[in-house]
Amino acid sequence: MKNLLFSIFFSVLVATSALATEKFSGKVVTVVDGATLDIAKSDGQIERIRLFAITVPQAGAKHAETATKRTASWCHQWDNVAEVMPMGRGKDGVAVARIIVGQEDIANVLAKACLVRVNMQLCREQFTPECVSWNAWELQCRDEKKGLWSE
């Protein structure tokens with residue numbers, strides 16, 4: 001019985017690891033909010049994905065609609081074609097990834113628009129150098145009192 005349980009646990013662990021690391025291309029079918037997208041894989045399966053290491057205002061908060069519209073318009077501009085680079089899963093089980101659309105990370109697009117907060121601790125833990133530019137945009141937006149820091 002122990003061997004069976006270990007075998008099942010190991011199989012789940014391996015399958016989860018594979019899910020968390022395999023890069024894929026897909027089509028953005030829904031922008032749930034500025035940092036959460038539903039992406040259709042080539043097999044037709046739709047996966048909900050949250051952008052890695054950033055947060056945007058939640059629904060109903062100031063700038064939430066702006067962030068959602070910015071993400072949606074960016075994706076639409078590039079025919080909703082996305083390259084997904086998985087970074088793992090959040091505590092709630094939702095996939096977390098860097099999503100490249102039109103050769104630019106959506107997190108960077110939102111950072112330039114002054115619509116994100118960057119989790120630099122998570123960036124350091126995952127060794128993600130791209131976060132440095134996102135953070136630089138955030139700091140500039142704060143200094144210039146734009147977007148999330150306009151008031």
Side-chain angles (χ1 to χ4, degrees), residues 9-43 45-59 61-150:
F9 173 76
F10 185 74
S11 296
V12 169
L13 183 64
V14 169
T16 302
S17 297
L19 273 176
T21 60
E22 291 181 20
K23 187 162 72 168
F24 67 91
S25 293
K27 192 97 167 163
V28 176
V29 292
T30 308
V31 175
V32 179
D33 64 36
T36 310
L37 298 88
D38 289 338
I39 299 181
K41 296 180 175 183
S42 59
D43 64 2
Q45 179 185 354
I46 296 175
E47 184 163 5
R48 179 153 293 176
I49 302 174
R50 189 173 305 116
L51 295 177
F52 171 73
I54 65 162
T55 57
V56 297
Q58 298 296 308
K62 186 173 183 175
H63 302 292
E65 188 175 338
T66 304
T68 302
K69 285 181 179 179
R70 183 69 185 121
T71 298
S73 68
W74 182 261
C75 293
H76 180 72
Q77 171 183 335
W78 298 99
D79 294 325
N80 295 312
V81 176
E83 182 177 339
V84 179
M85 299 164 46
M87 302 295 286
R89 294 206 175 264
K91 292 176 185 171
D92 57 0
V94 174
V96 177
R98 292 185 50 226
I99 302 175
I100 312 299
V101 174
Q103 298 183 350
E104 188 165 3
D105 197 306
I106 296 174
N108 198 53
V109 171
L110 291 167
K112 287 179 183 178
C114 303
L115 296 168
V116 302
R117 295 179 192 276
V118 181
N119 181 337
M120 286 304 291
Q121 179 180 345
L122 184 57
C123 290
R124 284 188 289 274
E125 290 170 3
Q126 295 282 333
F127 304 106
T128 310
E130 294 80 6
C131 293
V132 173
S133 66
W134 309 342
N135 191 53
W137 282 110
E138 179 183 342
L139 295 173
Q140 181 177 340
C141 293
R142 284 176 189 257
D143 288 348
E144 295 176 3
K145 298 184 181 349
K146 291 182 177 178
L148 300 180
W149 300 273
S150 62

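For the numbers below, each heavy atom of this structure counts, side chains included, while hydrogens, waters and symmetry mates do not. For clarity, every value in this text was computed on a predicted model and none was experimentally measured.
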message: Between Leu115 and His63, is there a side-chain heavy-atom distance shorter than 4.5 Å?
response: yes
- prompt: Do the side chains of Met120 and Cys131 get nearer than 4.5 Å, heavy atoms only?
  reply: yes
query: Does Asp92 reach the side chain of Arg50, with side-chain heavy atoms less than 4.5 Å apart?
result: yes
- prompt: Any donor-acceptor pair under 3.5 Å linking the side chain of Ser133 with the backbone of Glu130?
  reply: yes
message: Any heavy-atom pair between the side chains of Leu122 and Phe52 that's under 4.5 Å?
response: yes
query: Run the side chain to side chain contact (heavy atoms under 4.5 Å, CB included) check on Cys123 and Val132 step by step: do they pass?
result: CA-CA 9 Å; Cys123 290; Val132 173; over 6 Å; no
query: Roughly how far, to the nearest 0.5 Å, is CD1 of Ile39 from NZ of Lys41?
result: 10.0 Å
Sub-4.5 Å side-chain heavy-atom contact between Ile49 and Val94: no
- request: Kindly check if the number of other-residue, nucleotide or ligand heavy atoms within 6.0 Å of CD (Gln58) is above 12?
  value: no
query: Heavy atoms, side chains only, cut-off 4.5 Å: are Ile99 and Val101 in contact?
result: yes
- prompt: Below 4.5 Å, heavy atoms only, C-beta onward: do Val96 and Arg89 meet side chain to side chain?
  reply: no
Heavy atoms of other groups near Gln103 CD, more than 12 under 6.0 Å: no
query: Does the pair Lys146/Glu138 count as a salt bridge with the N-to-O cut at 4.0 Å?
result: no
- prompt: Among Leu148, Val56, Ile54, whose side-chain contact (heavy atoms from CB on, under 4.5 Å) with Arg117 holds?
  reply: Leu148
query: Can you tell me if CD on Glu65 sees more than 12 non-hydrogen neighbours from other groups inside 6.0 Å?
result: no
- request: Might you confirm whether atom CD of Gln121 has over 12 heavy atoms from other residues, nucleotides or ligands at distances under 6.0 Å?
  value: no
Salt-bridge criterion met for Glu83 and Lys27 (N-O under 4.0 Å): no
